[in-house]
> 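Handing you this structure, nothing more for now.
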Amino acid sequence: MAKADFNVPELEQYPEIPALEPNTMGHSSPFLSKPEFQEPLGFPGELMEGWEEKAIAKMGELLDKYRSLRVYLDVCVKCGSCTDKCHYYLGTKDPKNMPVGRQDLMRKVYRRHFTLAGKLFPKLVGAEDLTRELLDDWYSYFHQCSQCRRCSVFCPYGIDTAEISMAAREIMDSIGMGQKYCNEIIGKVYKVGNNLGLPGPALEDTLEGLEEDVEDETGVAVKYPLDQEGADILLVTPSADFFAEPHVDGLIGYGKVFHEAGVSWTLSSYASEAANFGMFIGSYENMRRVSQRIRKAALDLGVKRIVFGECGHAWRVAYSFLNTLAGPWDFLDPNYPVPQHICEFTYDLIRAGKLRFDKSQNDDMVLTYHDSCNVARASRMGDKPGGQFDIPRAIIKATCNQFYDMDEETIRERTFCCGGGGGLLTDDLMELRVKGAKPRVEALNNVMQEKGVTHLAAICAICKSQFSKVLPFYGMEMDQIVSVHQLVSNTIVLTGQKIDEDEDEEVDEAA
Ligand code: SF4
Ligand code: SF4
């Protein structure tokens, strides 16, 4: 069990709504960004003179630009439906982590400056000035929201706290109070091409190593091409896929699927990152700059299609905004969706009977599946409603004999965030990450006890990294989290692959 210098919550069999413990997480704030990370993104280096006026002016600008923000701040009736729906409240008991409590941190400033009642009778309507104390609360609690949108599913008005958090972070960045983790990472994308700062030669080395490993293991020369001009498909994947388990096992799987499909594909060293942290900080301009790299790579390489690897928020940005951010994509093949998810790609091949699997290769695992929040509540897959839930499960079932879902209140559109999304996957927020993971780990623990589940599959780089880190705090193993395409990789039978006779019979049965 990993050691913690804070209380790790006890897992319960039935979720309990905790009694309030005000300000238990008031001390939790991520490291502030330094000028060297602020300025390349177009933000002031540090908290500027006259920040309050500037913040209110920025809020006014956002209220004019995003009608939804004004509506969300106006329409809450304090019905309480959202109060027990946020994993950070359930894990920390802090009422400012109730979605409505978090919203109110901004709502009181909105009322003070943008409503008549708040200007004339502030105390009567709970309106407040943006004092330094309140700004510190903003910094703390708007970095305790993973922008997962679970609360919006339960709000009768559909109020989306994620958008309020994004706006708050945008306002704070505009006055020089940015978050180090996100802003430093965005800077690395501009400088090197990816979040991890991996230069082209390091990527090339990794990919060559993968080619050798796969050929040793299967006897088949599967290629992992980089910067190959004229390839049909550009794969844009999170840089974690080049780097660490279980992510890299997913990348191995994508390559095997492309090989078996007989398509030409390539990665790009220039656009070697699917993640787009511009969304987490609410900065459309930075989100656009990151996305434009994909456009440039696609044009330079002359590809016909773009496929995204396993990354939750990257898929949200790609699915929902890529056309606005970096389109039009009229130079790509119109016969395919722009963009396409690797799960859609693999699923289409499975449906067409073009892939063979030896499911017994995954018999050492009993699987469950974690719906990553950005995929579940901010995107779709395939051509049917619910495809974002059904397609990954169909791939798991095609590659594994043993699969059980977690409790239905905790999956699909009601899924709980892993606790590390929304730009919070940083060690300076470890207490928050561990406590915020509680509802998901609780549901996992229950299905482990009841069904003998051993592993949790996911299609999000942040979820995979978060679970590797936090599961040991709950007495579980870091390698219980696996990539969906790792399951594909373990079981796919490549044309020409040498397998023994017993295995051959199992493959025939599975097919
Ligand atoms: S968006 Fe997610 S993290 Fe943020 S308040 Fe709602 S439930 Fe909590
Ligand atoms: S569920 Fe919606 S309306 Fe009700 S308190 Fe929460 S945010 Fe307000």
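Just follow the structure's listing: the first ligand is 1, and inside any ligand the first atom is 1. Numbering of residues begins at 1 and proceeds along the displayed sequence. Given the structure is predicted, the values throughout are model-derived calculations rather than measurements.
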> Would you call D137-K96 a salt bridge at under 4.0 Å N-O?
yes

> How far is atom 4 (Fe) of ligand 1 from its nearest protein heavy atom, and which residue and atom name does that atom have?
C145 SG, 2.4 Å

> Is the distance between the ring centroids of Y181 and F277 less than 6.0 Å?
yes

> Of all the non-hydrogen atoms in the protein, which one sits nearest to atom 8 (Fe) of ligand 1, and at what distance?
C86 SG, 2.4 Å

> Can you classify the ring geometry of F473 versus F6 as parallel (below 30°), tilted (30 to 60°) or perpendicular (above 60°)?
parallel

> Please identify which atoms of ligand 2 are closer than 4.0 Å to at least one heavy atom of V77.
3 (S)

> Below 4.0 angstrom from a heavy atom of R149, which ligand 1 atoms are there? Numbered from 1 as shown, please.
1 (S), 2 (Fe)

> Counting from 1, what ligand 2 atoms have a heavy atom of P156 closer than 4.0 Å?
1 (S)

> May I ask you to say whether R433 pairs ionically with D428, meaning some side-chain N is under 4.0 Å from a carboxylate O?
no

> Mind listing the protein N/O/S atoms less than 2.8 Å away from atom 6 (Fe) of ligand 2? Waters don't count.
C82 SG

> S146 heavy atoms, cut-off 4.0 Å: which ligand 1 atoms fall inside?
3 (S)

> Check D405 with R412, please: is the shortest side-chain N to carboxylate O separation under 4.0 Å?
no

> Is it true that E310 and K464 have a side-chain N and a carboxylate O under 4.0 angstrom from each other?
yes

> Should D160 and R377 count as an ion pair when the cut-off is N to O under 4.0 Å?
no

> For atom 2 (Fe) of ligand 1, what's the nearest protein heavy-atom neighbour? Residue, atom name and distance, please.
C148 SG, 2.4 Å

> May I ask you to identify the nearest protein heavy atom to atom 5 (S) of ligand 1, giving residue, atom name and distance to one decimal place in Å?
R102 NE, 3.4 Å

> Among the heavy atoms of H87, does any lie under 4.0 Å from an atom of ligand 1?
yes

> Between D371 and R393, is the closest basic N to carboxylate O distance under 4.0 Å?
yes

> With a 4.0 Å cut-off on N to O distance, would you call E12 and K438 a salt bridge?
yes

> Does R132 have any salt bridge (Lys or Arg N to Asp or Glu O under 4.0 Å) partners at least two apart in sequence or in another chain, and if so, which?
D136

